[in-house]
Every structure is written in structure tokens, then in C-alpha cells.
Amino acid sequence: MTSSQHASYVRTEMLPESPPPLTESGIVKWVKENLFSGWINSLLTVVSLYVIYVCLSHIIPWVFQSVWNAGSLTECREIAQEAYGHTHGACWAVIKERWHQLLFGFYPQDLYWRPILAFLLMFVALAPILFDRVPRKLLFFTAIYPFLMIWLCWGGSIWGPVCAALGFVIGYFTLITLEKVAGSLIAIIGMFVVPVMWWLYLSGPVSEMLTSTLPIGLQAVGSKDIGGFMLSFIIGLSGIALSFPIGLLLALGRQSNLFIVKSICVGFIEFIRGVPLITLLFVASLLLGYFLPKEVTFDLIVRVIILVTLFAAAYMAEVIRGGLAALPRGQYEAADALGLDYWKSMRLIILPQALKISIPGIVSTFIGLFKDTVLVVFVGLQDPIGFSNLIRAATEWNGIYWELFVFIGACFFVCCFSMSRYSMYLERKLQTDHR
Amino acid sequence: MKKSVFFGTLAAAGLAAGFAAAGTLDDVKANGTLKCGVTTGLVGFAAPDASGKWEGFDVSVCRAVAAAVLGDGEKVEFVPTTGQTRFTALASGEIDMLARNTTWTFSRDVDLKFTFVGVNYYDGQGFMVRKDLGVSSATELDGATVCIQTGTTTELNLADYFKANNMSYEPVPIETNAEAQQQYLAGACDVYTTDASGLAATRATFEDADAHMVLPEIISKEPLGPLVRHGDDQWGDIVRWTLNALIAAEELGVTSANLEEMAKGTNNPEINRLLGTEGDLGGMLGLGATWAKDAISVGGNYGEVFAANIGEGTPIALARGLNAQWTQGGLIYSPPFR
């Protein structure tokens, strides 16, 4: 104040910063630059806005001017007519009445806790694989999870899955003991032969004996009662979990120097990739039915899982081979120069890098496999699409169409989108180059 | 299960034709359930309700057979089969009988080696159009666009019919009945053609059913019935005469309401033979004396089953038509119980 007394035309203090003009800041600026920056863009903006308006003006009333409580489609229409004056709204009542069938199939309603528990435990089992901050001890749970899941979903005596799991334990100990006594080749052969002997001849009687002495078990649920998203999850998850190791071995086999191993892998991959999945499913459901004797109960779900796994494994092998091929030759030579044997060089040097490169391809194979599970509807298994047909076949819901597909689509989207986001997270985490 | 899986794979090669042909009855009794092949959902004929219980016209045949053999209409394992898998499922022994509105044709009976045990519904291919199209007969459909399910006999029948009447048409191929409904309602085709029972069921779901009509022409014969494998005549007889028992019960006036009373004995000898108070028809089939009574007690006689699932009281509202008793001018006819 005091210093400005002499010259009144000199400003004595700084003006406060004033906001930029309205047209040069915030939303107005953004709109001007991005939507109306020229007459072509302005025209396109207006046309797009109109298209969006038309779509939303149909979709929003359909979604929200809907009926949630009704016993049939006719009733839905009556209620909608009364409430909104038109019947263009969705009839979500069908989802409300039948959601449990879309999710669980014919699974007994009082036992829903079992698949739900299996589903929740799946996250526990997956955690140590997906996130490296989770304690490693949880991997033990991951190893027993497949058997636990089978027991929870199908029920029955606990000793069946336990004896099946024991086969792997036996295989492991055979490997360790034989390696010390008789060398690694015999040990590897023994690792396969001994457990198969166990499963073929001993595990059945042993589990029966254990069941009769110590009957612990859940109410058994047949495969025919398993359907809906539960079926998609079982087929999809088993396929994903099994196809990855098999695909890995196939990819390594294809690059192998051993002629027979290489030919078998190439032949398998090219054969499976040359055949559509639906033909393999028909083989599973139709041809095997002719070949197997009538008394044999070879579960259709198991048959389908095996063929879906083989199918996905062939694609997985090629995706991983892409990763292996992308590694510079020097990495292989460096691994050899360190004096590592084949498996060590693969495990420590080659695969960590190759798999990192293949992540996007691997995950999109997983997503494709999960979505392909709806094809099982053609062999008479009741996946969500199959159930949409069954629900529509009920007199009261005949004529329902979009509501069921919207629900199924939303469920699939949630699963596939989370897989895709996880793969992006993983890629970011494993990024070691400096871009 | 694990063990049988492995044995199965080992035995896969040689044993394809090795299983015993006879003995379905013993198998069913040993299992305690009847494995019955049904559709993967067809309105009025087979569909599960909200609690998963199967209902429908074809389902009733399964339940009646289960009741006749096992004494309980609930002891059925329903196996949904698609158009592609149904015959293999039956031939391979995965199911004991098929009640999946399957048309009785020469090649299926002779070449595929099945035995059709009778007809439970006489169907035929028809046409549905919008009333405002101004068409009253199928002969006026020259140049129409037709929604048609691909790969079915309806497609062939349609081609034959239009050729025989010197007319042209433009097919709109569709995969499923549900898709056909959407296409037809969206105006993608003028005409929708499939079995007349399916047309009636489809029309019943429309908001403005009165704006659509089914044309009077029926252009094909589709006798639908349950079937079993060749080579087990005793089992074929059981399914055949269970169906006949339902039909005869309607003709003789035996209903679920008066069943218990009539089972005590009447002065009509045929009713007595049917319900097991006279003679030993059940013993001849290898079943108990009350086999027919058990079968009828599940859902009533043929007429009651028809009325409950697809008849005029239901949304599908099919008239008896050809499916009336022979005494009422229809084709439903059971040989005598003697």
C-alpha cells in the first residue's frame, strides 16, 4: 500500500490468477477440440449422438419398464400392460423363477452350498498361482483342490477321490526311490507305470474297504443333474487346468531333437487343429457310445472334458511354441553354456521368458475354451444355452427369448472380462524391459 | 467309476457288438430306474418345471412305462437327446426307450433297426401366416418367403409340396424353433412351417395370437411314437402294451378318478383283464398283475394325458382331431386286451 502512493497508475500488487476463458478450459474445450473441431467432425458427432439416442431409447425402457414378479409370459404381459401401457418391456420374472437352473442345472436345491463352496475354494486354490504375494504354503491346497472339487460336486464316499489322489503321491515316491536305486530312465517309466497299476487294480478295492470301515461321504449327485453354468465352469476349468501342462509338453516336444517325440507331437497338434471342436464332441458322445460295451459307465461329462482338453492343448502348444520361437537363440546357448541339463534350462531360463511373451495368446485361448463350452449343448449336455431351450419349452415361458440370452451373456462377460483384466495385470507385473 | 472307465477303454476295441441283446427288462429292474430319452425341450411334449420335474405328453409315456415295470412313475431318469444324438443313444443302450416325438418312417424302422411300438400323436406339417396377408389356403402361397428349420424332413416336405403345386418360394433358413418365432414376428418371412402341434404352441405365445392363423392344409404325415431297439421283443411288447393300455383305458372309460373302484372288479371282462382282476396279462409280459393299473394311475388314461399337456384347456389348445379315439372319428386305436 505505502509504496504505491506516488504513482496511482502503477499497479502495486499481483492480480490473482484468473481462470482461463470458458471456451478454453474444462469440458467446453474438450468438446470443442474432440467433437466439433470441423464441420465433418461436427456432423459425425450429431449423427452419432442420434444413433446413441435411438439405441438407448429402445434399450432403457426395455430393461427398466420390466416385470419381475409373474408366473408366466402371459401374466408378464398383462402386468406390463397395466403398469406401463405397453408390453415392450423385458420379462425378468423368468430369470427370477429359473436362475437356479441356469446356474446349477438340476442340482438338488438343498445341496447348492456344495458347488458354491467349491467355487469359493477355487479362488483360494488359484490365489497362490495368480498372485505371488500369497504364502507359498497355499500351493498344497491347490494340489488337493481338484479332488476336493470333484468330491464336493459329485458327492459320494470321500475315499474315491482320496485313493485317486494317492496315485499321484505313489508316483512321486516311486520316482524318488527308483532314481536312487536304478537310474533316471527306469524311474521315469516307473513313475507312470506304478500309479496306473494302482488306479487299475488296487484303488477300487482299497477305497471300497475304507468306505465300509470308515464311511465318510456326501450325498451322491449324478452327472445328469449337473448343468447350467456349473457345467460350463467344470468343463472350462478342467480344460484350462489340464490343457496348459499338456500344451506345454507338446510345444517342447515339437521343438525336440528326438525324432519320434517330435513326430508324435506334430501329428497330434496338426490332427487336432485340423478338426472342428464340434466333431470331437460328437465323437465323445456318439462314437464312444458304440465302441464301449453297454455295461461301462463312461460319464459323458468326463468324455467331453477329455476331448475339450485335447483340443485346447493343441492350440496351447502352438501359442507357447510362438513364445519359444521368439526367444533369441543366444538364450538357449547361454543355458547350455551354464551346464544346465535340458529340464533345468527349460525351467530356469527358457520357459519363464517364453511364457511371458505368450501370456496374451494363452489367456485368449483360455477365454476361447471357456466360451466354447456352450457347444456341448449339441451333444445333449445341459449348459446354460441348453437350459435356455429347456426353460423356453415350458408352456408358461414359451416365447421368452432375449431375457435368457442377456442373462447368460452377462454371466459369460463377467468371467471372460476378469480373465482378460488379470492377463493385463500379469503382463504389467512381469514387464522387465524399459520402454 | 474310475475303474470302469479304465476297463471300458481297454475293452473298447473288441466288444462293440458284444453286449447281450435281450434283457432290457432285467436291466431296468436291476437299475431301479427307467432311462428314457426325451427332447431337449419341446412345449407340451417334454420340459422340466422350475423344480426340475419333467412334464409333458412324451414324458407321460415314460412315466407310464416306469410305473408298469417298477410300480412307480417317478423312477425315471430322463435323458435329454438332440436330433443328432437320439438314435445313437438308443442304439448304444444309453437309454432303454425313446419318447422324443420321433416320426415313424420306413428307414428309421428298418434301416436304423428300431421298433416303433405305436403312435401316441398323429402330427403333420402345416403353415402359419399373418391374417392380414389375406391368404386362406396354402395353394395361394406362390412366391412367399418361408421360415424353415434346416436339415429336417419339413424342409424336404416343403420343397415337394411347392413343386407339386407348381409354386415357387424363398426359404429363410433358421436353426431352432425359438429363432423361427423371432424371425417370423420380425417379419423376416411371410410363412412359418413346421409340425402343426409346434405351430399351435408357437402361436399360443404370441401377444396378438388372433392376428395369425394356421392354414387348413396339412402337407405331410408325421406319426410320432415311442421306440425301442430291435432284438428285444419282450421289452418292445411292454412299451407297446403300456401305450395301448392308456388308449384302451380311455375307450373303456377307465379314468384316474374311477380307477381304484374299477380295479375292484367290474362286470366288463375287458376292463377286468386290463386291470388285472381277471386273467394273467401282466404275467405274460413278465410284469405284475396290476401293471396297467399302475401305468394309468400316474397321469390317467390317454385322453387325460392329452388334456393335461396339450389339450384345449392348456395354452397350446390342440383339438383332438386325428388323435381322437377311433370311436370318435380319430385314428387312436388299441388292439383288444384278450
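Just so it is clear: chains get the letters A, B, ... in the order the sequence lines come, proteins before strands, and each one is counted from 1.
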For [X], is the [atom1] atom crowded, meaning more than 12 foreign heavy atoms sit under 6.0 Å from it?
{"X": "A:His58", "atom1": "NE2", "value": "no"}
{"X": "A:Tyr112", "atom1": "OH", "value": "yes"}
{"X": "A:Phe405", "atom1": "CZ", "value": "yes"}

What's the spacing between [X] [atom1] and [Y] [atom2] if we round to 0.5 Å?
{"X": "B:Asp49", "Y": "A:Glu97", "atom1": "CG", "atom2": "CD", "result": "8.5 Å"}
{"X": "A:Thr87", "Y": "B:Asp208", "atom1": "OG1", "atom2": "CG", "result": "9.0 Å"}
{"X": "A:Trp397", "Y": "B:Thr205", "atom1": "CH2", "atom2": "OG1", "result": "13.0 Å"}
{"X": "A:Thr395", "Y": "B:Ile316", "atom1": "OG1", "atom2": "CD1", "result": "5.0 Å"}
{"X": "A:Arg98", "Y": "B:Ser51", "atom1": "CZ", "atom2": "OG", "result": "8.5 Å"}

At a 4.5 Å cut-off on heavy atoms, which part of [X] comes close to chain B: side chain, backbone, both, or neither?
{"X": "A:Leu390", "answer": "both"}
{"X": "A:Tyr107", "answer": "neither"}
{"X": "A:Arg392", "answer": "both"}
{"X": "A:Trp402", "answer": "side chain"}
{"X": "A:Glu396", "answer": "neither"}

Taking every heavy-atom pair that is under 4.5 Å apart, which of A:Phe378, A:Phe387, A:Tyr401 has the most such pairs with chain B?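 Highest number of pairs under 4.5 Å: A:Tyr401.
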Quick one: does A:Asn398's side chain have a donor or acceptor within less than 3.5 Å of a partner on B:Ala201's backbone?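 Between the backbone of B:Ala201 and the side chain of A:Asn398 there is a qualifying donor-acceptor contact (under 3.5 Å).
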I need the minimum non-hydrogen distance between A:Ala394 and B:Ala47, along with the two atoms involved.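 A:Ala394 and B:Ala47 have their closest heavy atoms at N-CB, 3.7 Å.
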Taking all atoms of both residues into account, what is the closest heavy-atom pair of B:Ala50 and A:Gln109, and its distance?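 Closest heavy-atom pair between B:Ala50 and A:Gln109: O-NE2, 4.1 Å.
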Go through the atoms of [X] and report whether side chain, backbone, both or neither lie under 4.5 Å from a heavy atom of chain A.
{"X": "B:Ala89", "answer": "neither"}
{"X": "B:Glu179", "answer": "both"}
{"X": "B:Phe206", "answer": "backbone"}
{"X": "B:Thr85", "answer": "both"}

Option in B:Ala46, B:Pro80, B:Gly44, B:Pro48 with maximal non-hydrogen atom pairs under 4.5 Å from chain A: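 Heavy-atom pairs under 4.5 Å are most numerous for B:Pro48.
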Max heavy-atom pair count under 4.5 Å with chain A, selected residue of B:Arg86, B:Gln182, B:Gln181: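 Of B:Arg86, B:Gln182, B:Gln181, B:Gln182 has the most heavy-atom pairs under 4.5 Å with chain A.
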